[in-house]
Protein chains: 2
Amino acid sequence: MRARLLEATVECLVERGFAGTSTTLVSQRAGVSRGAQLHHFPTKDALVVAAVEHLSEVRRRELVAAAAALPTGEQRTRAVLGMLADHFTSPVFTAALELWVAARTDPGLLDAVAPLEQRVGRETHRLTVELLGADEHAPGVRELVQATLDLVRGLGLADTITDDARRRSRILDEWARVLDTALKERAP
Amino acid sequence: MRARLLEATVECLVERGFAGTSTTLVSQRAGVSRGAQLHHFPTKDALVVAAVEHLSEVRRRELVAAAAALPTGEQRTRAVLGMLADHFTSPVFTAALELWVAARTDPGLLDAVAPLEQRVGRETHRLTVELLGADEHAPGVRELVQATLDLVRGLGLADTITDDARRRSRILDEWARVLDTALKERAP
């Protein structure tokens, strides 16, 4: 029942945005009674933060699983970038974006969202370092991994109002080339 | 009076977000009568879109003026990136982000916001090409300029909930090095 509520919340955030999401709507969509919903999540904030946390964890496990199928050799960096871009254009990114923007002007929500964002950010960073086989002891490497994640975040934001898949693909092709060269040059 | 209304609207979007912005609040803040406000901008959507359009134009003129003071030589690329990052962490970016995210789930607003975003995006791209002295005829150069703008957009988004200035500065240092090398290699 908890999982059903959390998935209905993410769907609601994606379809109607933060302002259009209410606990009543979510209970209806999940087919869960108001009483049961209030028992699990007494407030809208508790519900939306738990939902994005839950989906981030599900998505992270999917990423780790997908990582096993990534090619090795010359195609690997581009494949890693493609996987990250898919992640940052998925419904869980859209739901997180809604939360993120709402939290900017809502101190109570920000208190709950900021630690979640930091934790998810750290985990995604660590996974990316591992997938790229990057050595962060070398100067500049950490910043290149961060830049890569900020780039896909920017691409994810652009995608929310225009379908951007072709442009995104060409940008990732080029960034894979540049990143590969830069990481090789910086290898200890 | 028009300019006062538009500036009050951007302030309101930055402080209270899209959901917390109303035409009544904006009229009060601008010290303009409701009648006069309704005469200039009959709806909230008309007001917020005009406000972001107006501020984008003001900011674009500021960028062009600031560009004249940019250094030439080795420090130029980093200075251009710093200028762009300042732009994407300014109140006009925050106000545009509010509009952008609200438009995602509001078809009427999207019809007004999408063309504005496209136009501003094209203008910023053109200005960046010019400032970097990049030649887009060379393969990959267009994509590197786009990647640079997606990067600063991602950095701007990250900045909205955590003060990120030091991290951002290190990332831009590294991006400037990589971009300079890549543009030189791709020059015809």
Side-chain angles (χ1 to χ4, degrees), chain A residues 13-21 88 94 97-106 109-110 113-114 117-118 121 139-162 164 167-175 177-179 181-183 185-186, chain B residues 13-21 88 94 97-106 109-110 113-114 117-118 121 139-162 164 167-175 177-179 181-183 185-186:
Chain A
L13 284 169
V14 171
E15 274 175 33
R16 295 166 180 256
F18 182 82
T21 295
F88 279 83
T94 309
L97 177 66
E98 287 287 340
L99 229 63
W100 193 312
V101 169
R104 200 184 62 73
T105 51
D106 179 340
L109 185 59
L110 184 59
V113 169
E117 284 297 335
Q118 276 168 23
V141 168
R142 184 174 172 72
E143 285 72 21
L144 286 175
V145 174
Q146 288 177 322
T148 300
L149 289 168
D150 283 299
L151 168 67
V152 288
R153 188 187 297 125
L155 290 170
L157 178 56
D159 184 65
T160 57
I161 65 167
T162 26
D164 216 24
R167 185 184 83 98
R168 189 163 60 244
S169 179
R170 285 196 303 267
I171 292 173
L172 294 177
D173 288 346
E174 200 57 31
W175 181 243
R177 281 183 210 112
V178 172
L179 182 60
T181 308
L183 289 177
E185 282 168 4
R186 283 158 183 77
Chain B
L13 285 170
V14 170
E15 274 175 34
R16 295 165 179 257
F18 183 81
T21 296
F88 279 82
T94 308
L97 177 65
E98 288 287 340
L99 228 63
W100 193 313
V101 170
R104 199 185 63 74
T105 51
D106 179 339
L109 185 58
L110 184 59
V113 169
E117 284 298 335
Q118 278 167 23
V141 168
R142 183 174 173 74
E143 286 74 20
L144 287 176
V145 174
Q146 288 176 322
T148 299
L149 290 168
D150 283 299
L151 168 72
V152 288
R153 187 187 298 127
L155 290 171
L157 179 56
D159 184 65
T160 56
I161 66 167
T162 26
D164 217 23
R167 186 185 83 97
R168 188 164 60 244
S169 178
R170 286 197 304 266
I171 292 174
L172 294 177
D173 288 347
E174 201 56 32
W175 190 273
R177 281 183 208 111
V178 170
L179 183 61
T181 307
L183 289 177
E185 282 169 4
R186 284 157 182 77

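A, B, ... follow the sequence lines: proteins, then strands. Residue 1 opens every chain. Computed from heavy atoms alone, side chains included, the values below leave out hydrogens, waters and symmetry copies.
When the candidates B:Glu143, B:Arg170, B:Arg177 are compared by the number of heavy-atom contacts under 4.5 Å with chain A, B:Glu143 comes out ahead. No other option in B:Glu15, B:Arg168, B:Glu98 has as many heavy-atom pairs under 4.5 Å with chain A as B:Glu98.
Heavy-atom distances place both the backbone and the side chain of B:Ile161 under 4.5 Å from chain A. For B:Arg16, the part lying near chain A is the backbone, with the side chain staying farther off; criterion is any non-hydrogen pair under 4.5 Å. Heavy-atom distances place the side chain of B:Ala182, and not its backbone, under 4.5 Å from chain A. Only the backbone of B:Leu13 has a heavy atom closer than 4.5 Å to any heavy atom of chain A.
Few gaps surround CZ on A:Arg167; more than 12 heavy atoms of other groups in view lie less than 6.0 Å from it.
A pairwise comparison of heavy atoms in A:Leu151 and B:Ala147 identifies CD1-O, 3.4 Å as the closest pair.
Under the rule for a side-chain hydrogen bond (donor to acceptor under 3.5 Å, both in side chains), B:Gln146 has no partner lying at least two apart in sequence or in another chain. For A:Trp100, there are no ring-ring contact (aromatic ring centres under 6.0 Å, His included) partners two or more places apart in sequence or in a different chain.
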Open item on the list: With salt bridge (Lys or Arg N to Asp or Glu O under 4.0 Å) as the criterion, how do A:Glu174 and B:Arg186 come out once you've worked through the C-alpha distance, each side chain's angles and the decisive distance to 0.1 Å?
Closed with: CA-CA 11 Å; A:Glu174 200 57 31; B:Arg186 284 157 182 77; 2.6 Å; yes
- [ ] Might you work through the side chain to side chain contact (heavy atoms under 4.5 Å, CB included) test for B:Glu117 and A:Thr162, ending with a clear yes or no?
- [x] CA-CA 10 Å; B:Glu117 284 298 335; A:Thr162 26; over 6 Å; no
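At distances below 3.5 Å, at least one donor-acceptor pair connects side-chain atoms of B:Arg104 with backbone N or O atoms of A:Val14.
A side chain to side chain contact (heavy atoms under 4.5 Å, CB included) with A:Arg153 is found for exactly one of B:Leu157, B:Leu155, B:Asp150, namely B:Leu157.
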